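Take a look at the following structure, please.
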Amino acid sequence: MQALSSYAAGRWHTGQGKPAVLVNATTEEPLAEVSSEGLDFAAIVEHARERGGPALREMTFGERGALLEQLSAAIHEHREELIDVSIANAGTTRGDAKFDIDGATGTLAAYASFAKGVGDRRFLVDGDGVQLGRTARFWGQHVRVPRPGVAVHVNAFNFPAWNMMEKAACALLAGVPVVEKPGTPTAMLAWRIAQIVVESGLLPEGAFQFVCGSAGDLLDHLGPQDGLAFTGSSRTGKLLRSNENLLARSVRVNIEADSLNAAVLAPDVESSSETFGLFLSTLVTEMTQKTGQKCTAIRRILVPAERVDEVRDELVALLEKIEVGDPAERTTRMGPLASAAQLRDVRAGVDRLAGGAEIACGGSGPIRDKGFFLAPTLLVARDASADLFHDEEVFGPVATILPYSGDAAEAAALVARGGGCLVSSLFSNDKAWAEAAVLGMAPWNGRLWIASDKMAEQALPPGMVLPQMVHGGPGRAGGGEELGGLRGLEFYLQRTALQGFKGLVDGAFGAPAE
Ligand code: NAP
């Protein structure tokens, strides 16, 4: 069996001790084993700080951007092979594998292009300069400079490629070395990408390290210039956020956690409209893509009470057409869940939701003898205000219709019950309704996706995280923020206010002349 190794302090290590076994999500056959036991985590942190960081900070943003572009191309060259790894280990269909892998290379390429706007500088100018004294001689300017630390990235199992490289793109462009730790159940894809990154020789030694398996005591070695960016469940996020060393040394922490994303149908949307067609197709995509294992997947579907039967029937008809099966088959539209633990958790979650809802299609029962399969499952809540539907993230192809009055304020209040979301979507051609819903929902969402007849034809789905726009959400979603163009670098940079003689402050650190 393949033993997945870690890349630490300049060489590959195979862990000792009892390994975790990774399996094929379709056949349940063992594929690989993983252990990080025996790694010297203090040495990993030191290696990044002493080798990777200085080498990256020597470069300008433009030079680091050029590296990202080459990394993107190096990974893209292996696209077909990576798709096969994803299909086997994560149970993704070909389309779902591409979504993850192209998301990784696309985000690297996007950050390479953002770097072109910053050029040959080693710091970023933050806002306009400001006169502080009686005359302009005493001047102020905010700048952002790379922090001389290490960025530890603890990633979720559901996007082994994108999650690792979207974080790495921001940190490396900012000039900060990374230590990447993938979610163990699907680590094979991340490991293969790590091999490609290391073998490419593009990055300076120490700029990229990879821990496959447990994070050990890695977090206990972080200090005030380091950062931890985590993606995963809110339960693990809470645990990591309360790590004593991170608290004691004010280590920066960014948490991207789970989310009960909502889709809201406004009462004005007619059944014959493009917006209604987009509403249905978006729901089917967001429920079934990656077998619903997306942090941005729609879990709560708010529908005016008198339209519930219509929406349920339309959705059931579409979901029952979804071909569920071996993801290696090109006709398959939805593969298995990624692991036995996932299947167990999702089944239990469906049973809990069914305590307050009717199952319109699917359910928690088995649909194949082997593999971690579950049918797309739609429920209709008996009472939209029940806590259950706003508290329980069932991380699979599962969503619940929640009837509401059609009032924008009521919709916003129900969305808020989720305690903070990554993204919610609204479907309306009524400008006044949409404006009211946006203002009510925005404080509870990192992103709002506003569908109407005017954009239906061009819309990219709400579950697609775009590097130009921020990703993250308040409250339950972790309170973090990633991406959003150059905003994504902020976590890795120190903002410093410079106050002094304008000739120096503005001359050396002000905005470059046009
Ligand atoms: P998870 O169980 O919380 O694990 C996430 C990561 O944390 C994994 O790499 C895991 O490693 C690691 N981890 C667990 N315990 C740890 C500890 N004590 N110290 C250090 N690391 C630790 O989440 P998951 O099951 O992988 O992912 C699914 C969840 O992620 C869902 O709730 C989903 O909504 C959320 N998610 C959020 C986003 C977002 O951007 N907001 C994106 C994707 C997923 P092991 O695998 O080795 O245990």
Side-chain angles (χ1 to χ4, degrees), residues 3-20 33-58 145-156 160 163-165 167-168 170-172 174-184 187 190-191 193-195 197-199 201 203-232 236-255 491-494:
L4 306 188
S5 41
S6 296
Y7 186 70
R11 64 184 190 87
W12 290 96
H13 299 253
T14 304
Q16 302 144 13
K18 189 169 182 298
E33 51 186 34
V34 180
S35 166
S36 64
E37 209 179 301
L39 279 182
D40 180 345
F41 290 98
I44 291 175
V45 169
E46 275 316 299
H47 188 67
R49 286 186 192 138
E50 285 175 11
R51 293 283 303 274
L56 286 170
R57 291 195 301 275
E58 275 285 299
V145 294
R147 289 156 62 93
V150 53
V152 170
H153 294 157
V154 175
N155 301 319
N163 203 191
M164 177 164 81
M165 297 323 289
K167 283 186 167 62
C170 291
L172 293 172
V176 177
V178 299
V179 177
E180 298 292 338
K181 183 219 152 344
T184 298
W191 168 76
I193 293 174
Q195 281 189 321
V197 170
V198 173
E199 282 163 12
L203 294 175
E205 180 46 49
F208 180 94
Q209 297 180 85
F210 180 75
V211 170
C212 208
S214 155
D217 64 357
L218 178 58
L219 305 187
D220 298 338
H221 301 288
L222 300 186
Q225 290 289 328
D226 303 323
L228 165 69
F230 164 82
T231 298
T236 312
K238 189 172 156 198
L239 183 78
L240 301 195
R241 199 196 283 284
S242 53
N243 172 290
E244 272 184 34
N245 177 54
L246 302 186
L247 290 173
R249 306 181 76 194
S250 300
V251 178
R252 280 190 182 172
V253 177
N254 190 76
I255 306 263
F491 182 69
Y492 305 100
L493 302 170
Q494 175 64 38

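Note that the structure is a prediction, hence the values are computed from the model and not measured. Values below: every heavy atom of this structure, side chains too, minus hydrogens, waters and symmetry copies.
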Report summary line: Distance col, row Phe210:CZ vs Ser5:OG, nearest 0.5 angstrom, shows 8.5 Å
Report task. State, to 0.1 Å, how close Val178 and Ala168 come at their nearest heavy-atom pair, and which atoms those are. Result -> CG1-CA, 4.2 Å
Report summary line: What one should report as the nearest heavy-atom pair of Ala229 and Phe491 is CB-CE2, 4.2 Å
Report summary line: In short, Ala48 meets Val150 closest at the heavy-atom pair CB-CG2, 3.6 Å
Query raised in the report: Do other residues, nucleotides or ligands put more than 12 heavy atoms under 6.0 Å from Glu199 CD?
Result: yes
Query raised in the report: For Lys181, what residues pass the salt bridge (Lys or Arg N to Asp or Glu O under 4.0 Å) criterion, not counting sequence neighbours?
Result: none
Query raised in the report: What pairs with Ser214 under side chain to side chain contact (heavy atoms under 4.5 Å, CB included), at least two apart in sequence or on another chain?
Result: Ser36
Requested in this report: Go through the structure and list residues passing side chain to side chain contact (heavy atoms under 4.5 Å, CB included) with Pro160, not counting sequence neighbours.
Outcome: Asp100, Thr186, Leu189, Ala190
Requested in this report: Indicate the atoms forming the closest heavy-atom contact of Ala8 with Leu39, along with that distance.
Outcome: CB-CD2, 4.0 Å
Query raised in the report: Below 4.5 Å, heavy atoms only, C-beta onward: do Val211 and Val179 meet side chain to side chain?
Result: yes
Report summary line: Here the pair of heavy atoms bringing Pro177 nearest to Gly206 is CB-O, 3.4 Å
Report summary line: With sequence neighbours left out, the residues meeting side-chain hydrogen bond (donor to acceptor under 3.5 Å, both in side chains) with Thr14 are none
Query raised in the report: So do Phe230 and Val253 actually touch side chain to side chain, heavy atoms under 4.5 Å?
Result: no
Query raised in the report: Can you find a pair of side-chain heavy atoms, one from Asn254 and one from Lys167, that are under 4.5 Å apart?
Result: no
Report task. Over all heavy atoms of both residues, which pair between Leu4 and Cys212 is shortest? Give the atoms and the distance, please. Result -> CB-SG, 3.8 Å
Query raised in the report: How would you list, by chain and number, every residue that makes a ring pair (Phe, Tyr, Trp, His ring centres under 6.0 Å) with Tyr492, sequence neighbours excluded?
Result: His153
Query raised in the report: Any side-chain heavy atom of Leu219 sitting closer than 4.5 Å to one from Asn245?
Result: no
Query raised in the report: How many angstroms lie between CG in Leu222 and CG in Asn243, if you round to the nearest 0.5 Å?
Result: 8.0 Å
Report summary line: With sequence neighbours left out, the residues meeting side-chain hydrogen bond (donor to acceptor under 3.5 Å, both in side chains) with Gln195 are Arg192
Query raised in the report: Any side-chain heavy-atom pair from Asn155 and Glu180 closer than 4.5 angstrom?
Result: yes
Query - Counterpart residues, side-chain hydrogen bond (donor to acceptor under 3.5 Å, both in side chains), relative to Gln209 (two or more places apart) - result: none
Report task. With sequence neighbours left out, write down each residue that passes ring pair (Phe, Tyr, Trp, His ring centres under 6.0 Å) with Tyr7, or none if nothing qualifies. Result -> Trp12
Report task. Just jot down the side chain to side chain contact (heavy atoms under 4.5 Å, CB included) partners of Pro148, sequence neighbours excluded, or say none. Result -> Arg57, Gln225
Query - Residues forming a side chain to side chain contact (heavy atoms under 4.5 Å, CB included) with Pro19, sequence neighbours excluded - result: Glu33, Ser35
**Report entry** Inter- and intrachain pairs under salt bridge (Lys or Arg N to Asp or Glu O under 4.0 Å), touching residues 206-231, at least two apart
**Finding:** Arg49-Asp226
Requested in this report: Flag the pair Val251 / Pro224 as yes when at least one side-chain heavy-atom distance between them is below 4.5 Å, and no otherwise.
Outcome: no
